[in-house]
Amino acid sequence: MLILAFESSAKAASVALVRDGSLVSQYSQCSALTHSRTLLPMAEDMLKNAELTIGDVDLFAVAHGPGSFTGVRIGVSTVKGLAWAGGKPCVGVSTLEAMAWHGLAAGPYVCPVMDARRQQVYNALFEIRDGKPVRLTEDRPIALSELAPQLAALPSPVFLVGDGAGLTAKYLADAGIPFRLAPENLLWQSAWGVAMAAQDKTPGTADALLPVYLRLSQAERERQERMNKEPKE
């Protein structure tokens with residue numbers, strides 16, 4: 001099975017081709033350009049260099065959240081369009097689960113974290129078993145003050161990955177909690193992880209693919225705060 005995967009949930013954007021669990025190619029960049037300008041050109045160039053076409057793809061996969069609201073929408077919309085136009089199945093996977101694949105060789109405990117602002121992160125905990133990440137928690141927005149004691153209770157230091165790893169590492173260091181920080185090449189989200197996480201998921205249609213945000217956007221939260229402060233009649 002040939003999977004074309006997309007990752008645009010944070011600052012880094014990437015696309016990857018994975019055939020039967022083996023990486024064919026991956027393109028990535030971490031620039032100031034919006035993902036709406038980079039994702040499809042990267043995919044087109046990658047397919048061309050692999051001497052493949054979009055018609056050769058068996059499954060489209062995408063990180064459907066959590067993450068940047070705009071980035072997640074761009075990735076999901078891109079895959080919905082490709083799947084609909086080609087009549088192909090698609091699947092959305094957790095951004096955090098996809099990142100956990102970066103800790104295969106570092107385990108046993110992998111802690112993907114994405115900066116959710118206000119001293120919070122999007123997080124899930126995983127344990128590497130039989131060569132794959134196994135969930136210990138659901139995806140969640142969580143305060144660092146709440147996450148830290150959970151990590152301290154684990155029998156060995158966690159492996160931190162994700163764009164919130166630096167923030168989390170500083171908090172854990174200040175609290176005297178041991179950890180291991182992923183090197184730069186494993187730190188950021190990747191489409192390879194998306195493809196690997198997609199392999200055991202049940203494919204669906206373009207209509208069924210939806211983003212997963214975990215919480216309201218900042219604009220929606222501010223709107224609710226304003227409404228709550230308005231005097232009652």
Side-chain angles (χ1 to χ4, degrees), residues 1-30 35 38-67 71-72 74-84 86 88-107 110 112 114 124 126 128-135 139 161-163 182 185-206 208-212:
M1 179 172 65
L2 183 64
I3 300 175
L4 176 59
F6 294 81
E7 165 56 75
S8 62
S9 62
K11 183 179 179 180
S14 62
V15 293
L17 280 169
V18 172
R19 190 191 299 276
D20 300 328
S22 297
L23 180 64
V24 176
S25 60
Q26 179 170 241
Y27 282 27
S28 62
Q29 68 178 61
C30 191
H35 299 331
T38 58
L39 275 183
L40 280 177
M42 283 196 296
E44 291 168 353
D45 193 38
M46 185 178 62
L47 286 167
K48 179 181 178 180
N49 287 337
E51 298 184 340
L52 295 167
T53 70
I54 203 74
D56 296 316
V57 174
D58 299 305
L59 176 68
F60 297 104
V62 64
H64 65 178
V72 169
I74 289 171
V76 169
S77 297
T78 298
V79 166
K80 284 172 74 76
L82 291 172
W84 180 82
K88 299 289 183 73
C90 59
V91 64
V93 304
S94 160
T95 309
L96 298 166
E97 181 181 351
M99 283 194 292
W101 281 88
H102 292 193
L104 288 186
V110 184
M114 301 179 69
F126 296 82
I128 304 302
R129 301 177 194 164
D130 299 323
K132 64 182 297 185
V134 176
R135 272 189 181 276
D139 291 358
V161 298
D163 61 64
N185 63 313
L186 296 176
L187 190 64
W188 305 105
Q189 295 85 342
S190 78
W192 169 79
V194 172
M196 298 303 290
Q199 290 184 110
D200 63 354
K201 303 295 186 292
T202 301
T205 64
L209 179 62
L210 297 172
V212 177

Ser8 side, atom OG; Ile74 side, atom CD1 - distance, nearest 0.5 Å: 6.0 Å
Closest contact, heavy atoms only, Ser25 versus Met46: OG-CG, 3.0 Å
Quick one: CG on Leu52 to CG on Leu2, what's the gap to the nearest 0.5 Å? 6.0 Å
What pairs with Asp200 under salt bridge (charged side-chain N to carboxylate O under 4.0 Å, His left out), at least two apart in sequence or on another chain? Lys132
Ignoring hydrogens, what is the shortest heavy-atom contact between Thr95 and Ser9? Give both atom names and the distance. CG2-OG, 3.0 Å
Pairs flagged by side chain to side chain donor-acceptor pair (under 3.5 Å) wherever residues 47-62 is involved - sequence neighbours left out: Tyr27-Asn49, Thr53-Asp56
Show every salt bridge (charged side-chain N to carboxylate O under 4.0 Å, His left out) that has at least one partner inside residues 88-104, sequence neighbours left out. Glu97-Lys201
Min side-chain heavy-atom separation Val15-Leu39 under 4.5 Å: yes
Taking the side chain as every heavy atom from C-beta outward, state whether Leu17 and Leu23 have any pair of such atoms under 4.5 Å apart. no
Which residues share a salt bridge (charged side-chain N to carboxylate O under 4.0 Å, His left out) with Arg19, sequence neighbours left out: none
Residue set satisfying side-chain contact (heavy atoms from CB on, under 4.5 Å) with Thr205, at least two apart, ordered chain then number -> Asp207, Ala208
Go through the structure and list residues passing side chain to side chain donor-acceptor pair (under 3.5 Å) with His64, not counting sequence neighbours. none
For the residue pair Ala206 and Lys80, what are the closest heavy atoms and their distance? O-NZ, 2.5 Å
Which atoms form the tightest heavy-atom contact between Ala13 and His35, and what is the distance? CB-ND1, 3.3 Å
Nearest-0.5 Å distance, CG of residue Leu82 to CG of residue Leu40: 6.0 Å
Can you find a heavy atom in the side chain of Leu209 that is under 4.5 Å from one in the side chain of Val62? yes
Between Val18 and Ala195 the two heavy atoms that sit nearest each other are CG2-CB, 3.5 Å
Enter the distance from Leu4:CG to Ile54:CD1 here, rounded to the nearest 0.5 Å. 5.0 Å
Can you list everything that forms a side chain to side chain donor-acceptor pair (under 3.5 Å) with Ser14? Sequence neighbours excluded, please. none
Is there any side chain to side chain donor-acceptor pair (under 3.5 Å) pair reaching into residues 186-199, and which pairs are they, with sequence neighbours excluded? His102-Ser190, Asp163-Gln189, Glu184-Trp188
Sorted by chain and number, sequence neighbours left out, side-chain contact (heavy atoms from CB on, under 4.5 Å) with Ala124 holds for Leu96, Phe126, Arg135, Thr137, Asp139
Taking all non-hydrogen atoms of both residues into account, name the closest pair between Pro112 and Met99 and its distance. CB-CE, 3.7 Å
side-chain contact (heavy atoms from CB on, under 4.5 Å) against Ala61, all qualifying residues, sequence neighbours excluded: Ile3, Ala5, Val91, Val194, Ala198
Any residue meeting side chain to side chain donor-acceptor pair (under 3.5 Å) with Trp101, in chain and number order, not counting sequence neighbours: none
Do the side chains of Pro66 and Val212 get nearer than 4.5 Å, heavy atoms only? no
